Protein chains: 2
Amino acid sequence: MAMKRKTLRHYESRAEIAKALAHPTRLLLLDALQKSETCVCDLTDLVGADQSTVSKHLAILKNVGLIACRKEGPMSFYRVTCRCLDGFFTCIETVLKANLDAQRAAAGV
Amino acid sequence: MAMKRKTLRHYESRAEIAKALAHPTRLLLLDALQKSETCVCDLTDLVGADQSTVSKHLAILKNVGLIACRKEGPMSFYRVTCRCLDGFFTCIETVLKANLDAQRAAAGV
DNA sequence: TGGCCATATGGCAATTATGCCATACATATC
DNA sequence: GATATGTATGGCATAATTGCCATATGGCCA
């Protein structure tokens, strides 16, 4: 990797956020948290994985600043911290739709 | 992973696109390709990695429909296919900036 | 045809990500 | 204090990603 160091760091910090977004379970979590602040136990039920797995996914999202945590008694409530996620989701949906269209066109429909 | 199958597939297809975006080299490539259609050799110089490595990164971006390829003689010219990438990049920048602000606030500045 | 250029692909080693189990931790209740 | 509940963390085995080398493929020109 001979990329200029400054440039490399620039893209590395951005890729770290993108990596946090690059997992189906974390996308599901973000979708849920965008609708409403939710505790870990409810999120665990929603995802259907081990509670420790969900906690780790939440930690990944939190570490890059996408979500934040509020403690209430023994429970942790997570919420989305940025209002910019729609820009990301819209982009993904656009690409998906374009792929579907291209697929249909290739099939000659 | 006990997530409902339909839901799982929904988020998996979206995560696949996000995964393609989750690498510093590929973000650099997208940045360059957004500015102008470019051949693999120029992109290889830009990235500073092995040509085969760059080719594989380009293949990943192409497979999820983010870029397309045009052959001209022995050369391949790649370009961005969707106009929605700005939504993604803007989101990332917003998160980065919010993190910086939070960091400064935490430092008491 | 033979050789050269640009690009793509196969293969492999090393790193990283993922998910579960067990367990630690913190809070609340008895 | 003891116990129960909700969450976080350590550890480990498995899987996925990454990057380079070697090589294949395709196009061009002598």
Side-chain angles (χ1 to χ4, degrees), chain A residues 1-3 5 7-8 11-30 32-33 37-64 66-79, chain B residues 1-3 5 7-8 11-30 32-33 37-64 66-79:
Chain A
M1 191 77 83
M3 207 187 298
R5 269 185 191 283
T7 302
L8 178 58
Y11 289 106
E12 270 175 350
S13 57
R14 279 145 188 82
E16 213 159 313
I17 297 173
K19 268 188 224 169
L21 294 165
H23 191 286
T25 297
R26 294 197 286 271
L27 292 181
L28 170 62
L29 289 171
L30 286 173
L33 294 179
E37 192 187 54
T38 314
C39 66
V40 177
C41 55
D42 285 354
L43 292 171
T44 299
D45 288 348
L46 178 69
V47 169
D50 195 89
Q51 176 269 318
S52 69
T53 300
V54 175
S55 255
K56 284 187 182 177
H57 280 304
L58 290 168
I60 289 169
L61 291 171
K62 196 179 120 191
N63 284 338
V64 298
L66 285 169
I67 65 177
C69 181
R70 176 179 66 86
K71 309 229 172 196
E72 192 174 310
M75 301 165 84
S76 291
F77 288 85
Y78 283 89
R79 65 183 180 283
Chain B
M1 190 77 84
M3 205 186 300
R5 272 189 188 282
T7 302
L8 179 58
Y11 288 106
E12 271 175 350
S13 57
R14 279 144 188 85
E16 214 159 312
I17 296 173
K19 269 188 224 170
L21 293 165
H23 191 287
T25 298
R26 294 197 286 272
L27 292 181
L28 171 61
L29 289 171
L30 286 173
L33 294 179
E37 191 187 55
T38 313
C39 67
V40 177
C41 55
D42 285 353
L43 292 171
T44 300
D45 289 347
L46 179 69
V47 169
D50 195 90
Q51 176 269 318
S52 68
T53 300
V54 174
S55 255
K56 285 188 180 176
H57 280 304
L58 290 168
I60 289 169
L61 291 171
K62 196 179 119 190
N63 283 339
V64 297
L66 284 168
I67 64 177
C69 181
R70 176 178 66 85
K71 309 229 171 195
E72 191 175 309
M75 300 163 85
S76 291
F77 288 85
Y78 284 88
R79 67 182 179 284

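Predicted, not measured: the structure shown is a model, and the values here were computed from it. Quick note on labels: first sequence line is chain A, next is B, and so on, each numbered from 1.
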Ala22(B) meets the side-chain contact (heavy atoms from CB on, under 4.5 Å) criterion, sequence neighbours left out, with Ala18(A), Lys19(A), Ala22(A)
What one should report as the nearest heavy-atom pair of Leu28(A) and Tyr11(B) is CD1-CE1, 3.5 Å
The side-chain hydrogen bond (donor to acceptor under 3.5 Å, both in side chains) partners of Glu37(A) (sequence neighbours excluded) come to Arg70(A)
side-chain hydrogen bond (donor to acceptor under 3.5 Å, both in side chains) filter on Arg79(B), not counting sequence neighbours, yields none
Between NZ of Lys19(B) and P of dA16(D) the distance, given in whole Å, is 8 Å
Leu28(B) atom CG is separated from dG19(D) atom P, nearest whole Å, by 12 Å
Whole-Å distance, Arg26(A) CZ to dT18(C) C1', equals 9 Å
Could you go through residues 43-52 of chain B and list every donor-acceptor pair under 3.5 Å that involves a side-chain atom there, pairing it with any protein atom two or more places apart or in another chain?
residue	atom	partner	partner atom	Å
Thr44(B)	OG1	Val40(B)	O	2.8
Asp50(B)	OD2	Ser52(B)	N	2.9
Asp50(B)	OD2	Ser52(B)	OG	2.8
Gln51(B)	NE2	Ser55(B)	OG	3.2

Rounded to whole Å, NZ of Lys71(B) lies from P of dA8(C) at a distance of 5 Å
When rounded to whole Å, the CD to P distance for the pair Glu16(A) and dT16(C) reads 12 Å
| Quick one: is dA8(D) close enough that its OP1 or OP2 comes under 4.0 Å of any side-chain N or O from Tyr78(A)? | yes
Taking every heavy atom of Ala20(B) against every heavy atom of Arg26(B), the minimum-distance pair comes out as O-NE, 2.7 Å
side-chain contact (heavy atoms from CB on, under 4.5 Å) filter on Asn63(B), not counting sequence neighbours, yields none
- Task: Pick base, sugar-phosphate or nothing for Phe77(B), based on heavy-atom distances below 4.0 Å to the nucleic acid.
- Result: nothing
Contact check, residues 52-62 of chain A vs DNA chain C, heavy-atom distance under 4.0 Å, returns Ser52(A), Thr53(A), Lys56(A), His57(A)
Rounded to whole Å, CG of Asp50(A) lies from P of dT7(D) at a distance of 13 Å
Per atom distances to the Val40(A) side chain, the nearest of dA17(C), dA8(D), dG27(D) is dA8(D)
To the nearest angstrom, the CD-P distance between Gln51(A) and dG6(D) comes to 10 Å
Leu43(B) atom CG is separated from dT7(C) atom P, nearest whole Å, by 9 Å
